[in-house]
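Values reported hereafter were calculated over all heavy atoms of this structure, with side chains retained and with hydrogens, waters and symmetry mates removed.
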Amino acid sequence: MTKKLLLIDGNSIAFRAFYALYNANGFTSDSGLHTSAIYGFNRMLDKVLAEEEPTKVLVAFDAGKTTFRTAIFSDYKGDRLRTPQELLEQIPYIKELVEDRGIVSYELDNYEADDIIGTFVKLAEDAGDYQTTVITGDRDLTQLSSDTTTVKVTKKGVTELDTFTPEFVKEKLGILPTQIVDFKGLKGDTSDNYPGVTKVGNVTATKLIQQFGSIESIYDNIESVSGKKLKEHLIEDRDKAFNAKKLATINRNSPVGIGLDDIDFNNAKTEKLIKLYKELGFKSFLKNMNTAETKSDFEFNKINYTQLTADNINEINSFDELTIQIELDDENYHQAEMLGFSIGFKDKWFVSNDVDLLKLSPIKSKLEDITVKKNLFDVKKNYVCLHRLGIELKNVDFDMLLVSYLLDTNNNSNDVGTISKLHGYENIRTDDEVYGKGAKKIIDPNSEEFFEHLVHKTYSIDYLHDKMFTKLNDNDQAKLYWDIELPVALVLSKMEINGITVSETTLSEMGSKLQERLSEIEQTIYQEAGEEFNIGSPKQLGVILFDKLKLPVIKKTKTGYSTAVDVLEKLAPDAQIVQNVLEYRQISKLLSTYIDGLIKVINPNDHKIHTRYLQTLTQTGRLSSVDPNLQNIPIRSEDGRKIRKAFVPSDNNWVIFSSDYSQIELRVLASITGDENLQMAFKNGEDIHEATARRIFGLAKDEVVNGDYRRQAKAVNFGIVYGISDYGLSQNTGISRKQAKTFIDKYFAEYPGVKEYMDNIVKQAREYGYVETIANRRRYLPDINNRNFSKRSFAERTAMNTPIQGSAADIIKIAMIKVQEAIKDLDTKMLLQVHDELIFEVPEYELEQIKELIPKVMDSAVKLEVPLKVESNWGHSWYDAK
DNA sequence: GCTTTGATC
DNA sequence: GTCCAGATCAAAGCA
């Protein structure tokens with residue numbers, strides 16, 4: 001009977017696995033070790049061991065950097081980038097994994113993994129009676145393929161393999177496996193950094209080999225080579241060719257210290273393997289082991305549940321803590337239909353389609369009971385939904401969504417299943433898996449599957465409660481959760497439910513006027529272009545401007561010409577049509593997004609817009625606003641600003657009142673960097689841009705700063721907040737890169753504390769892998785040590801910006817909580833938050849009080865090393881609150 | 001579904 | 001030399 005030998009090229013498979021999964025999320029263990037290569041390697045092992053059913057297995061590794069090849073050619077593989085640290089740290093674990101799975105691994109000084117494999121291929125062929133399979137990511141090894149040896153090379157990832165038999169090699173390359181070394185001798189190998197014969201590439205090399213059979217034979221018959229130049233090159237590069245062949249040839253007689261008898265495939269060392277999987281966080285592999293020990297963690301495939309009805313509703317009475325999940329048919333919980341719910345605790349779970357049951361005793365009273373803890377996913381959604389049912393949710397303990405967001409903004413999701421799996425509870429599916437996604441999404445609220453999924457959701461929330469809270473405490477983020485995020489969710493729910501009144505008439509009237517202007521400009525553009533086309537199509541516009549009118553191309557996108565504003569602005573002085581296009585763009589933006597867009601989302605019953613704030617989306621801790629976005633209502637252009645006239649109080653005698661933090665990010669910067677000069681400027685109540693202008697332009701203390709200096713200084717101030725680069729600043733201000741650089745250098749010289757902070761925060765990010773805000777909000781920066789300049793630079797800028805933007809976000813959240821508390825007995829309502837601004841509607845009779853109260857609460861929200869400054873405005877509409 | 005554009009802080 | 005300001009959302013065109 002033939003014996004089955006499996007030989008694996010350890011380094012090359014690890015390398016492939018690492019990059020195949022490099023960008024996937026979640027491949028780090030609890031201890032922060034990267035695990036993508038280990039994981040991929042193990043997947044590959046599972047697959048090939050099952051397929052090949054070998055009796056003998058060997059995994060070969062490279063040993064060190066010098067080999068007999070570097071002795072021949074000192075630059076061998078000299079061009080290779082050094083192996084990334086994230087991969088290097090995984091190699092010992094892969095060796096451990098291999099051993100625990102009952103497989104021998106081997107490495108040999110001065111030889112590469114290839115040579116070990118080549119030697120064992122020969123040993124097996126000499127012994128006869130072996131079928132050998134080689135697994136590798138390196139095509140060079142296909143030279144080993146023969147009647148008894150098959151070489152499988154990774155095609156995609158590490159589990160999809162191409163099978164190279166001698167026939168397949170012949171078909172693919174046109175030559176025999178044994179001729180591959182001759183082929184490479186002629187061609188050289190750029191990835192291993194050794195040269196072949198000048199001007200010989202794939203085609204010529206193949207032709208020569210087909211004609212002569214080998215390098216030796218070519219030189220023996222050099223006169224019959226056709227082509228004068230080719231012949232010259234061959235003669236010239238004779239040494240290179242033979243050298244390259246030697247480098248390409250896999251050594252089949254390496255002095256390996258072990259033999260075929262030493263590499264039997266043994267049983268896995270189960271205990272050690274389980275320990276390793278646990279350490280690495282490999283849930284799915286653990287699960288597949290199916291041993292008594294690992295099984296216990298995964299045995300709750302079925303969770304018992306009961307249909308809740310008016311008859312058994314009293315069983316809820318026994319709960320002194322509960323978990324609840326309400327299922328909706330749409331993400332917009334203000335209007336979505338409530339399809340059903342699950343409620344329960346520990347081992348008692350109920351489901352129902354009838355959300356009206358929630359209004360009945362004892363459920364309603366439990367939900368409103370301040371002594372009964374509630375666990376859920378997305379507290380704000382639950383507040384709003386229950387409010388729609390007339391229930392006031394109290395005492396929320398665990399919000400899995402919020403906690404998950406605070407733990408890691410990178411690996412967050414809106415899906416219970418996704419987050420559960422991320423935190424180690426596998427027995428649940430995602431909504432996409434159960435309901436389908438995109439256009440194919442179908443929820444059947446009467447199906448068994450629906451109820452089961454719902455119960456799995458509540459169950460997993462309950463299951464992960466302690467575990468995730470522990471992580472939160474370990475990260476020192478409990479205060480952030482309890483004192484900021486959880487209370488701010490309640491404040492936001494009140495704001496969303498209240499909504500803001502928007503006058504449809506005002507919008508429609510503006511719309512008609514704008515529509516008229518748009519039509520006029522449209523006609524003018526058609527005349528100027530000499531034809532009608534879709535001005536809104538960048539593609540068609542590009543054809544008109546750059547092909548037909550031959551305007552200079554300034555920037556290209558990957559699909560064609562760029563027609564973005566900065567490009568058009570450069571063209572506008574010389575082309576009237578471009579000026580008109582710019583105006584057309586501006587107006588059509590206002591019409592589609594702000595006039596038509598807003599009219600669509602005004603609730604016809606209360607004439608209000610109820611946005612939804614996303615509290616767990618941004619990487620910095622800011623809020624975002626959707627359905628519609630009320631955080632980007634125009635203000636800069638006068639035409640756009642008029643949109644704000646439609647945002648009015650819900651009562652005629654009231655006013656819109658707005659308070660905003662002045663320069664909050666620069667104040668945060670001054671505070672956290674401890675820079676004395678910057679702090680001094682704020683403490684003295686100076687105009688910060690003027691103060692910076694004086695410093696970087698070297699003006700006297702009382703000298704008047706002209707507008708241009710101030711403008712440039714302002715750009716520098718902003719640049720610093722964003723994590724500056726000279727290029728970015730030059731682009732933004734129109735100055736030269738060199739000039740930008742001197743500004744930045746001068747800035748850092750004048751504000752040395754800022755410079756020191758920026759250097760330190762990047763260093764800190766490298767060391768810990770994350771940066772933090774004043775409230776311990778965290779942002780992980782996986783790219784901070786990336787070898788890709790661009791990615792790394794981005795991570796560095798992020799390291800500088802996030803503590804500033806994020807701390808400002810912390811501050812306004814704290815302020816919102818305090819403000820809401822301060823106005824709770826008044827009629828004044830908080831309506832909107834726009835990052836550094838809070839907007840209210842205020843009855844006339846409370847205006848005097850509010851004018852004092854809001855700024856007072858806001859500027860004392862937190863204590864920084866510089867004062868916070870709040871400016872307030874009010875008027876009959878949001879437009880007039882300026 | 002992805003790309004381009006443009007609105008905000 | 002890398003080619004880049006930070007954070008978002010929505011509409012429209014196009015494949």
* To do: Mind checking A:Val626 for me? I need base, sugar-phosphate or nothing, with any heavy atom below 4.0 Å counting as a touch.
  => sugar-phosphate
* Asked: Are any of the side-chain heavy atoms of A:Tyr770 and A:Leu781 separated by less than 4.5 Å?
  -> no
* Asked: Ignoring hydrogens and geometry, is there a side-chain-to-backbone donor-acceptor pair from A:Thr611 to A:Ser625 under 3.5 Å?
  -> no
* Under 4.0 Å: is that the gap between some side-chain N or O of A:Ser624 and OP1 or OP2 of C:dC9? -> yes
* Structure fact -> Rounded to whole Å, CG of A:Asp726 lies from P of C:dT2 at a distance of 12 Å
* Please work out if A:Ile635 contacts a base, only the sugar-phosphate, or nothing of the nucleic acid, heavy-atom cut-off 4.0 Å. => sugar-phosphate
* Asked: When you compare B:dT5 with C:dA5, how far apart are their P atoms, in angstrom units rounded to a whole number?
  -> 15 Å
* Round to a whole Å and report the spacing from CZ of A:Arg779 to P of C:dT8. => 7 Å
* Counting any heavy atom closer than 4.0 Å, what does A:Ala799 reach on the DNA or RNA strands: base, sugar-phosphate only, or nothing? -> nothing
* Is the charged tip of A:Lys746 near the ring of A:Phe748: under 6.0 Å from the six-membered ring centre and within 45° of its axis? -> no
* What integer distance in Å separates A:Phe789:CZ from C:dC4:P? -> 11 Å
* Hey, does A:Gln586 reach any base, or is it just sugar-phosphate, or nothing, if we go heavy atoms under 4.0 Å? -> sugar-phosphate
* Rounded off to whole Å, could you give me the CD1-to-P distance for the A:Ile599 and C:dA10 pair? => 17 Å
* A:Ser562 near the nucleic acid: base, sugar-phosphate alone, or nothing, with a heavy-atom cut-off under 4.0 Å? -> sugar-phosphate
* Asked: Are A:Asp810 and A:Lys813 within salt-bridge range, i.e. N to O under 4.0 Å?
  -> no
* Asked: Got a donor-acceptor contact below 3.5 angstrom from the A:Arg517 side chain to the A:Glu583 backbone?
  -> no
* To do: Rounded to whole angstrom, note down the P distance from C:dC4 over to B:dC9.
  => 25 Å
* Asked: Within the distance-only criterion (no hydrogens, no angle test), does the side chain of A:Arg710 pair as donor or acceptor with the backbone N or O of A:His689 below 3.5 angstrom?
  -> no
* C:dA11, C:dT2, C:dT8: which one has an atom nearest the side-chain heavy atoms of A:Ser592? -> C:dA11
* Send over the distance from A:Leu614 CG to C:dA7 P, rounded to a whole Å. => 17 Å
* Protein-nucleotide distance (A:Met758, atom CE; C:dA5, atom C1'), rounded to Å -> 12 Å
* Asked: Taking the side chain of A:Asn629 as heavy atoms from C-beta outward, which of C:dA10, C:dC3, C:dA11 is closest to it?
  -> C:dA10
* **Aromatic-base stack, A:Tyr722 on C:dG6, cutoff 5.5 Å, angle under 30** => yes
* Of the nucleotides C:dA11, C:dT8, C:dA7, which has the atom closest to the A:Leu617 side chain? -> C:dT8
* Please tell me which of A:Tyr727 and A:Thr802 maps to the more 5' nucleotide of DNA chain C, matching each residue to the nucleotide holding its nearest heavy atom. => A:Tyr727
* Just call it for A:Arg636: base, sugar-phosphate, or nothing, with non-hydrogen atoms closer than 4.0 Å on any strand. => base
* **Spacing of the P atoms in C:dT2 and B:dG6 (rounded, Å)** => 27 Å
* To do: Give a yes/no verdict on a cation-pi contact between A:Lys381 and A:Tyr333, requiring under 6.0 Å between NZ or CZ and the six-membered ring centre and an angle within 45° of the axis.
  => no
* Can you tell me which residue pairs pass the salt bridge (Lys or Arg N to Asp or Glu O under 4.0 Å) test with a partner in residues 616-629 of chain A, sequence neighbours excluded? => A:Arg612-A:Asp627, A:Arg622-A:Glu665
* Give a yes or no on whether the backbone of A:Thr430 and the side-chain of A:Glu433 come within a donor-acceptor separation of less than 3.5 Å. => yes
* Structure fact -> Bounded by its outermost nucleotides with an atom under 4.0 Å from a heavy atom of chain A, the footprint on DNA chain B reads B:dT3 to B:dC9
* **Whole-Å gap separating C1' (C:dA7) and OH (A:Tyr405)** => 11 Å
* A:Phe697 vs A:Phe743 aromatic rings, parallel, tilted or perpendicular, using cut-offs 30° and 60°? -> perpendicular
* To do: Can you tell me the distance, in whole Å, between the CZ atom of A:Arg622 and the C1' atom of C:dC9?
  => 13 Å
* Structure fact -> Residues in residues 534-546 of chain A with a heavy atom under 4.0 Å of DNA chain C, by number, are A:Asn534, A:Gly536, A:Ser537, A:Lys539, A:Gln540
* Which part of the nucleic acid, if any, lies within reach of A:Thr620 when heavy atoms closer than 4.0 Å are counted: base, sugar-phosphate only, or nothing? -> sugar-phosphate
* Can you find a pair of side-chain heavy atoms, one from A:Arg644 and one from A:Pro634, that are under 4.5 Å apart? -> no
